[in-house]
Amino acid sequence: MRGKIFSISLVAMVWFAAISIANADEIDCPARINIKSDHPELENIPEGWQVSDKKDRHLLLSGIGVYSDEPVKLFQLKPEIGIIDGQKHDLTWQVNSVYDKGGSYVSCSYNHNEVQLVKKIDSSMKSCWADYSNDKNQAIKAKLICSASELKEVE
């Protein structure tokens, strides 16, 4: 009997430890994406001009954004300076608030919004901040780091 109680206690402790570790989430934007460009369709081709076909091409990451609800609804949140988990960050967002009916999303923008990759932010997260850096070729790298802690304003 004591062995069963010990086993149940051990399982419960491991479960609670896993919950406390799950208080953060990181979403890395791919630094570059490859697209296949089709022949663009123009309403009007000016006289004397022709449309050039493009082959496969690379788009580099140009930024990161956070949306309230699906990005197609265009409710992009404005970043602010804030404190999350005791650390001050320049680009922070409160996420998954009662106003975010469809949840919150991160958007990775390529070639200044020519293409966006979007991903839903885990509903248990309450605040996020952007972390930008550069790779060895000086291309932008960005990730969104989220926390289950509330965003605090800088005083």
Side-chain angles (χ1 to χ4, degrees), residues 10-44 51-155:
L10 183 61
V11 169
M13 286 176 20
V14 169
W15 185 76
F16 283 120
I19 289 174
S20 64
I21 291 171
N23 284 335
D25 189 22
E26 287 188 18
I27 301 171
D28 288 302
C29 290
R32 66 190 73 218
I33 57 173
N34 296 326
I35 63 169
K36 291 186 176 192
S37 298
D38 294 332
H39 189 79
E41 294 181 30
L42 299 178
E43 288 182 22
N44 259 340
V51 176
S52 171
D53 286 326
K54 292 185 177 181
K55 302 285 184 199
D56 294 350
R57 63 186 178 128
H58 307 286
L59 294 182
L60 297 177
L61 180 67
S62 55
I64 196 168
V66 175
Y67 287 81
S68 172
D69 211 342
E70 296 177 24
V72 71
K73 294 182 181 176
L74 303 177
F75 297 127
Q76 187 168 9
L77 300 174
K78 181 181 173 187
E80 59 185 310
I81 297 172
I83 298 172
I84 301 173
D85 296 329
Q87 296 287 323
K88 181 180 172 185
H89 302 281
D90 290 334
L91 302 170
T92 67
W93 295 268
Q94 178 180 328
V95 296
N96 295 316
S97 74
V98 295
Y99 304 108
D100 300 331
K101 300 296 183 205
S104 295
Y105 288 77
V106 61
S107 167
C108 302
S109 173
Y110 298 85
N111 201 25
H112 305 288
N113 287 333
E114 181 177 345
V115 174
Q116 288 185 335
L117 295 179
V118 298
K119 188 173 193 177
K120 192 166 188 172
I121 297 169
D122 186 284
S123 62
S124 67
M125 300 297 110
K126 299 298 175 206
S127 60
C128 300
W129 70 91
D131 181 26
Y132 283 96
S133 60
N134 294 91
D135 68 11
K136 63 183 179 186
N137 299 319
Q138 296 305 308
I140 294 174
K141 292 174 57 178
K143 65 180 162 183
L144 190 72
I145 304 167
C146 299
S147 172
S149 300
E150 294 288 333
L151 174 66
K152 295 180 182 170
E153 292 182 20
V154 175
E155 297 175 6

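For the numbers below, each heavy atom of this structure counts, side chains included, while hydrogens, waters and symmetry mates do not.
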Heavy-atom donor-acceptor pair, Y110 side chain to P30 backbone, under 3.5 Å: yes
Spacing of K101 atom NZ and S68 atom OG [to the nearest 0.5 Å]: 9.5 Å
Main-chain N/O of M125 paired to N96 side chain as donor or acceptor, under 3.5 Å: yes
Sidechain-backbone polar pair: D135 side chain, Q138 backbone, donor-acceptor under 3.5 Å: yes
Derivation and outcome, side-chain hydrogen bond (donor to acceptor under 3.5 Å, both in side chains), residues N113 and Q116: CA-CA 6 Å; N113 287 333; Q116 288 185 335; 2.9 Å; yes
Considering all heavy atoms, the nearest D85-S149 contact: OD1-OG, 2.5 Å
Residue E153 excluded, over 12 heavy atoms near CD under 6.0 Å: no
Side chain T92, main chain W129, donor-acceptor under 3.5 Å: no
Minimum side-chain heavy-atom gap Q76-V66 below 4.5 Å: no
L144 CG to C108 SG distance, which is reported to the nearest 0.5 Å: 8.5 Å
Contact check, side chains of W93 and S127, non-hydrogen atoms, under 4.5 Å: no
Nearest heavy-atom neighbours spanning L59 and E114: CD2-OE1, 4.1 Å
Residue pairs, two or more places apart or on separate chains, that pass ring pair (Phe, Tyr, Trp, His ring centres under 6.0 Å) and touch residues 131-155: none
